[in-house]
Each structure stands twice: as structure tokens, then as C-alpha cells.
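Right, one structure below, let's go through it.
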Amino acid sequence: MLHTQSAPNQRRSSDPEAMAVVTRFAPSPTGFLHIGGARTALFNWLFARHHGGRFLLRLEDTDRRRSTPEAIAAIIDGLEWLGLDWDGDVIHQSRHAERHAEVARRLLAEGKTYHCFCTPEELAEMRQAARAAGRPVRYDGRWRDRDPSQAPPGVPPVIRFKAPHEGETVIPDKVQGEVRVANEQLDDMVLLRADGTPTYMLAVVVDDHDMEITHVIRGDDHLTNAFRQAQLYRALGWPMPTFAHIPLIHGPDGAKLSKRHGALGVDAYRERGYLPEALRNHLLRLGWAHGDDEIIGTEQAIQWFDIDGVGRSPARFDFAKLDSLNGRYLRQADDNRLVELITPRLAEMVGQAPGEREKERLLRGMTELKQRAKTLVELAENAAFYARSGLLPLSEKAKETLTAEARGRLARLKPRLEAVEAWAPEPLERAVRAFAEAEKVKLGQVAQPLRAALTGATVSPGIFGVMAVLGREETLARLSGIVI
RNA sequence: GUCCCCUUCGUCUAGCGGCCCAGGACAUCGGCCUCUCACGCCGAAAACAGGGGUUCGAGUCCCCUAGGGGACGCCA
């Protein structure tokens, strides 16, 4: 469920701009919400929340063919899981198509756009020729000043923007600084397709304007688009939003993140056992810093976040650091919540959902268990022995530990344990230590076989704590299963 | 090819002209703790891409080179 984060301290009522901030996350629903998109959403969300403004979600689905309901669901699901709640309803860009066309027609009437009758094949040839000749790959403007009466029959025209040839276009970017390009570098972009639908360039500008977006925070793969959009804003006579182009996240090899790098959907991160707050923290630290601070909770992030802290160089996604961060959040997480989170995983591993008794054990053992896991996957694996009943499967190492000698020792230990009155870690430890002394062996010689017998593994939380959580009956039952 | 952007330890980064023979975190390697594994604690190794300027002084400002990335669609 979504709710608005309350952040009482971040708003300064004396700041007249504070209430005006409106950001948006505008993914195209052609696939899952990948990690780069998630970070863009996070930055927009944090910026809006920090300034007490609004954060909107707009689906850029003008390309109807490539937009799917599944992708829309995945994006919404991903944002909800990450806890990035948006204000108002989800906006579907495609529903504004008529408005976009209207703007294009207005521009046409004002002589700022023109019909272009080139066929896709013709354009492909043009590009190919330019590339072959080593010339810049651009539309050559052949219909810019040509009379529409010369139009070839049967070719539905597109509407192109009459881009200025002289001068330069400057983007004051909050992250990149002042970025400028000579106008001769930019060709006449298509605004309205032959079928009358708007292109991305037209749609973003119109929607960002209509939605009164004040700050456009997006990946810097859009930086060059911003030049064209700036020209459109000028032609339309609309004020430009503030741009902030944040660097992309790269794969381990430094190249743009792709599937082979693990550019997974956020659902994959959930599946791999990461906590949303840990992923948020990690994403935040990719390209943004607040001095030496590393562990930054969401409330703190809202207070601190601003575009000033965003760096200009791309970052690589580091799973090792995410693991470490996740481990920290795991240790701080509420025990009940963790039990619930691993329950489905346990059900799958053990073959049946943990019952009341098992959940009770898991809860009591959680404080110790969560010290030892970096992900929920690991946590579930380490906790499985609490969720099992009946025969405990033994790991290879556990089998090796349980030699005939060790089993014999456990058999001799058993009556001593039965004699323990208060079934708690300290008395149990005293009993086992006394037994080890009597056997003239080190504590480990007893503790390890005991661990193997009770947990099925050679690695576990402190064994006396485990015995306490398991309880007298279960502990002795598991021992019986081994020594016989 | 053209244009735009980027470049501090392996990775994420601090640094906004002197506080830096460069700090933190993750990872790595030692050690302590110890019933195993973790956690925790202590310690080590590890970077200003290269070259020119500007300046009394440059990781910090400017230029060039190299390397990396991004954009060049009737995709978004």
C-alpha cells in the first residue's frame, strides 16, 4: 500500500519555491522497471519530497505497439515495492494524443513546422549515404522549403519542426552545468508521424508543460534530446523546466547496463532477497553523496537530498556493496517482518509452510539468524532447520562431523542434557562444558557434532541458543535421531 | 563519422586553491573475539589518466591528448 511519507522538517515555508516543485518519472512501458529507471524514479521522488512538492508518474506509451499491460504492471509493481509513491493518478501519455496533434497543427499554422513527404526508405538511404560519406547523419531538410503541391501521390506526410540553423542552443543543466550545441548540428525532427500520432519529442514537451513539471530529472542519455526540446519550448513560447541529467548506471565492464550485466527488473532484486530500503540506499549512493555518509535511511535521504549532491560521472552497479548494505538493513529489520518475508521461501524449501510452532522458533531465533545473512535467500537457507520437523537432512560436512566417535559422544551427552532443569542457554552451556571436561576434550569436539545433529549443518548460530529455541523435546528428539 | 558528456584506491565516493605526502565505505589481506559461521573491533595494502599552462600554491581553474560513455529513428 502506498502512503505519503511525512517529513515535517524538510519544508521551509519561507521558501516560495518549495510548494512549486513538480517532478515526474516517465518510463516507457516496453519492459520491466530496470535498475537505472528505478534510480531515476528515486531521485525524482526524493527531490519532490524534499521540497514538499509533487511527484507524478507518466507512462510514455505513445508507441502503442511496443507498450504492454504487463510492462505497465511491472513498473507500477516495482515502484510500489520500492516505496516510491506518486501523487495523483497514473498518467497515460497516449491519452493526450489529440492535444499533441493540436499543438503540432498550431505550429504548422504559425509556419514553425512543415510537411515532409519522405518515405522511410528514402530516409534510410539518406542516412546510409551520409554515413558512407562520413558526413553527419541528419535529415537534410529537403521538404523544408518545398511546396507541398510537389508532394508525391499516396505518401502521407509527417510534420517536421523547422529547427533554427543559426546560433546555438544552451541548456542550463543542474547536473551537467551549461551545455551548448551549435544549432547547425540539429536537424528537423519529426513531431507528428504520418499516422497522425505524436513522437516522443513532441509529447514530452507538451505533457511536461501541461503537467506543470518544474524539474526534469532523467538519465543523461536524454541530454542531447534536451537541445531539441529546448528549441520546441522556444517555438511554443513556453517556459522551460529546469533540467537535471543524471549519469547512467553502467555494468561492471563500464558499458551501458544491459541484460547481460544483470540489468534486471526490480522484481529480480526482490526475488534475490534484497530489502527495498537497502536497494534504495544503494541506488541513492550511486551518483549522489552527502559527505562520507553511507547508511542513509529514507527519512534522512528526504532531508538531505538535493541535486547539488549529484555527481557527473557514471557509476557501476556493485552487488558486493549492495549485499553488505542489505546485511545491515537486515540486522536492523523487525524480526516479525523477516519471518513473514522468508515464510514463502521456507515453504518452498521445506516442502510445507511453517506452522505455528515453527514460526515461533523462527521468531525466537531470528535475532541470531539475521546477524548471519546478507539476503533473504541466505536468511531462509540458514533458518530452514528451524522450519523442519521430522528427519533433518544432513549436509556433507555435517555427515563428516558425525563420526562414530562423535555419535558415541552425543549418546553420552544426552542423559546430561535430559537432566538440565532450566532449558536455557546458560545452564545448557554449563552442562555441555562440564561434559567436555569429563570427556577430556575441547568444547568444540562436542559443540560441532551437536550442531550437526541439531541443525544438519556445520555452521549455525550459537548452539546453546539454538538448543533453547528448539526446546527440550525437539532437541532431544533430534539427538535421538542421530545417536541411534 | 558528427555532436554532447565523463575520468580520485578493484568498486561507490569525500574533496568545491592552501586543512590532502588525499578521507570514508564495500571488496581484499592480516589480527582480536570465539562452540562453527557471522556480527563487532583493531590493522594493512590500494587512487588524483597523461601532458602543458594559470597561481606564491592545483586533485581542485584553463587548454591539449588519450581512454570511456551517450546521442544521432515516423523508439522512448
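Below, read A as the first sequence line, B as the second, and so on, with proteins coming before strands; counting in each chain starts at 1. In this text, all values refer to a predicted model and were calculated from it rather than measured experimentally.
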Counting Watson-Crick and G-U wobble pairs only, both distances under 3.5 Å, name the nucleotide matched with C3(B), or none. G70(B)
For P120(A), which contact category applies under a 4.0 Å heavy-atom criterion: base, sugar-phosphate, or nothing? base
Assign G327(A) to base, sugar-phosphate, or nothing according to its heavy-atom contacts below 4.0 angstrom with the strands shown. nothing
What is the nucleic acid contact for K370(A), judged by heavy atoms within less than 4.0 Å: base, sugar-phosphate only, or nothing? nothing
Using a heavy-atom cut-off of 4.0 Å across all strands, would you classify P461(A) as base, sugar-phosphate, or nothing? base
Nearest to side-chain heavy atoms of F227(A), which nucleotide of C4(B), A14(B), U36(B): C4(B)
Choose from C35(B), C72(B), A27(B) the nucleotide whose nearest atom is closest to any side-chain atom of A320(A). A27(B)
According to the Watson-Crick and G-U wobble definitions, with both distances under 3.5 Å, which nucleotide is paired to C56(B)? G18(B)
R316(A) CZ to A27(B) P, in whole Å, measures 19 Å
Check every strand shown and say whether E294(A) touches a base, only sugar-phosphate, or nothing at a heavy-atom separation below 4.0 Å. base
Which nucleotide in the list U36(B), C3(B), A76(B) gets nearest to the side chain of Q185(A)? C3(B)
Please classify the nucleic acid contact of A194(A) as base, sugar-phosphate, or nothing, using heavy-atom distances under 4.0 Å. base
Using the closest heavy atom to pick a nucleotide of RNA chain B for each, name whichever of R331(A) or V155(A) lands nearer the 5' end. R331(A)
Ring centroids only, cut at 6.0 angstrom: are W143(A) and F117(A) within range, meaning strictly under it? yes
Both distances below 3.5 Å, Watson-Crick or wobble geometry, any strand: find the nucleotide opposite A25(B). U11(B)
Among L56(A), T242(A), T23(A), which one satisfies side chain to side chain contact (heavy atoms under 4.5 Å, CB included) with I213(A)? L56(A)
In whole angstrom, give the distance that lies between atom NE2 of H245(A) and atom C1' of C6(B). 15 Å
Watson-Crick/G-U partner (both atom distances under 3.5 Å) of G30(B): C42(B)
G23(B) and A14(B), which share atom name P, separated by this distance in whole Å: 15 Å
Assign V181(A) to base, sugar-phosphate, or nothing according to its heavy-atom contacts below 4.0 angstrom with the strands shown. sugar-phosphate
For C42(B) versus A25(B), give the span between their P atoms, rounded off to a whole number of Å. 10 Å
Is the positively charged end of R39(A) above the ring of F43(A), judged by distance under 6.0 angstrom from the centroid and angle within 45° of the axis? yes
Mind calculating the distance between NE2 (H250(A)) and P (U13(B)) to the nearest angstrom? 11 Å
Tell me if the centroids of the rings in H222(A) and F243(A) come within less than 6.0 Å of each other. no
Start with the C-alpha gap between F317(A) and H282(A), add the side-chain angles, then the distance that decides, and say whether ring-ring contact (aromatic ring centres under 6.0 Å, His included) holds. CA-CA 9 Å; F317(A) 194 86; H282(A) 188 237; 4.9 Å; yes
Of the nucleotides C12(B), C39(B), A27(B), which has the atom closest to the L286(A) side chain? C12(B)
Using the closest heavy atom to pick a nucleotide of RNA chain B for each, name whichever of R451(A) or D318(A) lands nearer the 5' end. D318(A)
Suppose you measure atom P in C3(B) against the same atom in U8(B); what distance do you get, rounded to whole Å? 25 Å
A quick test of your reading: do over 12 heavy atoms of other residues, nucleotides or ligands sit less than 6.0 Å from NZ of K174(A)? no
With respect to the phosphate group of U13(B), does any side-chain polar atom (N or O) of K321(A) fall under 4.0 Å of OP1 or OP2? no
What does V158(A) touch in the nucleic acid at a heavy-atom separation under 4.0 angstrom: a base, only the sugar-phosphate, or nothing? base
Under-4.0 Å side-chain N/O to phosphate OP1/OP2 contact, R312(A) with G69(B): no
Applying a 4.0 Å non-hydrogen cut-off, can you work out what S313(A) is touching in the nucleic acid: base, sugar-phosphate, or nothing? sugar-phosphate
Could you measure between the two P atoms, the one in U13(B) and the one in G73(B), and give it in whole Å? 31 Å
I need the OH-C1' distance between Y274(A) and C26(B), as an integer number of Å. 13 Å
Taking pairing as Watson-Crick or G-U wobble with both contacts under 3.5 Å, can you name the mate of U36(B), or confirm there isn't one? none
Counting any heavy atom closer than 4.0 Å, what does I463(A) reach on the DNA or RNA strands: base, sugar-phosphate only, or nothing? base
L325(A) has an atom CG; how far is it from atom P of U13(B), in whole Å? 14 Å
Using whole Å, what does the distance between atom C1' of nucleotide C26(B) and atom CZ of R328(A) come to? 10 Å
Using OP1 and OP2 only, check whether a side-chain N or O of R127(A) sits under 4.0 Å from C72(B). no
In whole angstroms, how far is the P atom of A25(B) from the NE2 atom of H282(A)? 16 Å
Within the 4.0 Å heavy-atom criterion, would you say C116(A) contacts the bases, only the backbone, or no part of the nucleic acid? nothing
Compare the minimum distances between each of U2(B), A71(B), G73(B) and the side chain of T224(A), then state the nucleotide with the smallest one. A71(B)
Can you tell me the distance, in whole Å, between the CZ atom of R131(A) and the C1' atom of C3(B)? 13 Å
Sugar-phosphate only, base, or nothing, as touched by G462(A) at under 4.0 Å among non-hydrogen atoms: base
Within the structure provided, determine whether F435(A) and R409(A) are in side-chain contact (heavy-atom separation under 4.5 Å). yes
Is R160(A) positioned over the aromatic face of Y139(A), cation under 6.0 angstrom from the ring centre and no more than 45 degrees off axis? yes
Over all strands shown, is R285(A) touching base, sugar-phosphate only, or nothing at heavy-atom distances under 4.0 angstrom? base
Base, sugar-phosphate, or nothing for N382(A), non-hydrogen atoms under 4.0 angstrom? nothing
